[in-house]
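Basis for what follows: all heavy atoms, side chains included, without hydrogens, waters or symmetry-related copies. Only a predicted model underlies this, so the values are computations on that prediction, with no experimental measurement involved.
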Amino acid sequence: MVSPTSSQNSKRAAVRKALDRHKVYVTAQSFSGGVYSARVLVDGEAYWVDEFRLSQLQQGLSPAELELMPAADD
């Protein structure tokens, strides 16, 4: 049986992990010629990404880890 203390510790660890992840906000999307792209905002910086990179960002990877360059101002 799981003790209340270990249950509480695992819940706290899950919350800590979720808070440590980067927040990814999709600010624009386009689908042209069969290609999807999204403009995302991560930690105050905008990036244009494809569907694969978007999923990687949402899984917790940082833009630096993906070697993304900030989007030029529109």
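- Taking a 6.0 Å sphere around CD of Glu51, one finds it holds 12 or fewer heavy atoms contributed by other residues, nucleotides or ligands.
- Qualifying side-chain contact (heavy atoms from CB on, under 4.5 Å) partners for Thr5, counting only residues two or more places apart in sequence or in other chains: Ser3, Asn9.
- We find the CH2-CG distance between Trp48 and Leu54 to be 12.0 Å, quoted to the nearest 0.5 Å.
- The shortest heavy-atom contact between Glu65 and Gly60 is OE1-O, 4.3 Å.
- Each of Leu61, Val49, Leu57 was scored for a side chain to side chain contact (heavy atoms under 4.5 Å, CB included) with Val24, with one residue passing: Leu57.
- Nearest approach of Gly44 to Leu41, heavy atoms of both residues: C-CD1, 3.7 Å.
- Partners of Glu67 under the side chain to side chain donor-acceptor pair (under 3.5 Å) rule, at least two apart in sequence or in another chain, do not exist in this structure.
- Closest approach of Gln29 and Tyr36 over heavy atoms only: OE1-OH, 2.8 Å.
- Residues Val26 and Phe31 share a single hydrophobic cluster, defined by chaining ILVMFWY side chains whose heavy atoms lie under 4.5 Å apart.
- Residues satisfying the side-chain contact (heavy atoms from CB on, under 4.5 Å) criterion with Ser30, sequence neighbours excluded, are Ser37.
- Minimum heavy-atom separation, Leu68 to Arg53: CD2-CD, 4.3 Å.
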